[in-house]
Amino acid sequence: MVSEVDPSLYIYRNEVKGEFLYLICYVDDCLHIYHNPNYDMKILNSHYRLKDGIETPTRYLGANIDQVQLPDGSVAWSMKCEDYLRGAIKNTNSLLNEEG
């Protein structure tokens, strides 16, 4: 099912296992969140060349991502925007300097 909020987000729920699979694709960035994403990523890789191959992600759309352990012991993904913001500020400053 494609998300009604964001058409670049595909959500699949395995009714038997009660698990969710998330696949987010934006232009040429693809992020797959699932406990075992290799099966689906290998299918994608058979149709499209995955530049970075199949690996645990560390960046998505210019932001750093990582798994974190929550206080209740569960694991979740987090996204940090420091690098993205640094790049945006640097680009803005360069454009402003060019314009004088």
Side-chain angles (χ1 to χ4, degrees):
M1 160 179 77
V2 173
S3 167
E4 293 178 17
V5 177
D6 186 349
S8 63
L9 172 61
Y10 173 82
I11 304 168
Y12 172 76
R13 179 163 192 239
N14 183 328
E15 298 289 337
V16 175
K17 295 182 179 181
E19 300 170 332
F20 286 90
L21 169 153
Y22 300 93
L23 180 62
I24 307 166
C25 292
Y26 183 76
V27 185
D28 66 346
D29 262 349
C30 188
L31 180 65
H32 188 359
I33 306 295
Y34 191 54
H35 66 74
N36 183 12
N38 286 338
Y39 176 79
D40 299 309
M41 292 304 289
K42 285 178 182 176
I43 291 172
L44 279 176
N45 197 33
S46 71
H47 295 284
Y48 306 100
R49 184 182 66 84
L50 300 180
K51 179 177 75 173
D52 296 329
I54 301 170
E55 58 187 29
T56 301
T58 58
R59 296 182 62 78
Y60 183 69
L61 298 177
N64 297 346
I65 59 173
D66 198 5
Q67 286 185 322
V68 294
Q69 187 166 7
L70 301 176
D72 68 357
S74 63
V75 176
W77 285 92
S78 71
M79 184 176 259
K80 300 175 185 174
C81 60
E82 289 96 355
D83 287 350
Y84 178 84
L85 291 174
R86 277 190 199 100
I89 291 168
K90 182 179 177 181
N91 288 339
T92 301
N93 284 336
S94 293
L95 291 171
L96 289 173
N97 287 334
E98 286 176 15
E99 294 293 323

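Atom set for the values below is all heavy atoms of this structure, side chains included, hydrogens, waters and symmetry mates excluded.
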Could you list who else is in [X]'s hydrophobic cluster, with ILVMFWY side chains joined at under 4.5 Å, directly or through other members?
{"X": "V75", "value": "none"}
{"X": "Y84", "value": "L85"}
{"X": "L95", "value": "none"}
{"X": "L96", "value": "none"}

At what distance, to the nearest 0.5 angstrom, does [atom1] of [X] lie from [atom2] of [Y]?
{"X": "N38", "Y": "I43", "atom1": "CG", "atom2": "CD1", "answer": "11.5 Å"}
{"X": "T58", "Y": "I65", "atom1": "OG1", "atom2": "CD1", "answer": "7.0 Å"}
{"X": "Y10", "Y": "L21", "atom1": "OH", "atom2": "CG", "answer": "7.0 Å"}

Handout entry: Linked, directly or transitively: V27 and L9 (ILVMFWY side chains, under 4.5 Å)
Key = yes
Exercise for the section: Say whether Y39 and L23 are linked into one hydrophobic cluster, either directly or through other cluster members, by side-chain heavy-atom distances under 4.5 angstrom. Expected result: no
List in chain and number order the residues that pass side-chain hydrogen bond (donor to acceptor under 3.5 Å, both in side chains) with [X], two or more places apart in sequence or in another chain; answer none if no residue qualifies.
{"X": "Y22", "answer": "none"}
{"X": "N97", "answer": "none"}
{"X": "S78", "answer": "none"}
{"X": "S74", "answer": "D72"}

Completion exercise
Contacts satisfying salt bridge (charged side-chain N to carboxylate O under 4.0 Å, His left out) that involve residues 33-45 (not counting sequence neighbours) are none
Can you give me the closest heavy-atom contact between [X] and [Y], atom names plus distance?
{"X": "L61", "Y": "Y26", "answer": "CD2-CD2, 3.6 Å"}
{"X": "F20", "Y": "Y34", "answer": "O-CD1, 3.3 Å"}
{"X": "M79", "Y": "A63", "answer": "CG-CB, 3.7 Å"}

Problem - Those residues that, when tested against D83, pass salt bridge (charged side-chain N to carboxylate O under 4.0 Å, His left out) (two or more places apart) - result: R59, R86
Exercise for the section: List in chain and number order the residues that pass side-chain contact (heavy atoms from CB on, under 4.5 Å) with E99, two or more places apart in sequence or in another chain; answer none if no residue qualifies. Expected result: none
Handout entry: Heavy-atom side-chain proximity of L44 to C30 below 4.5 angstrom
Key = yes
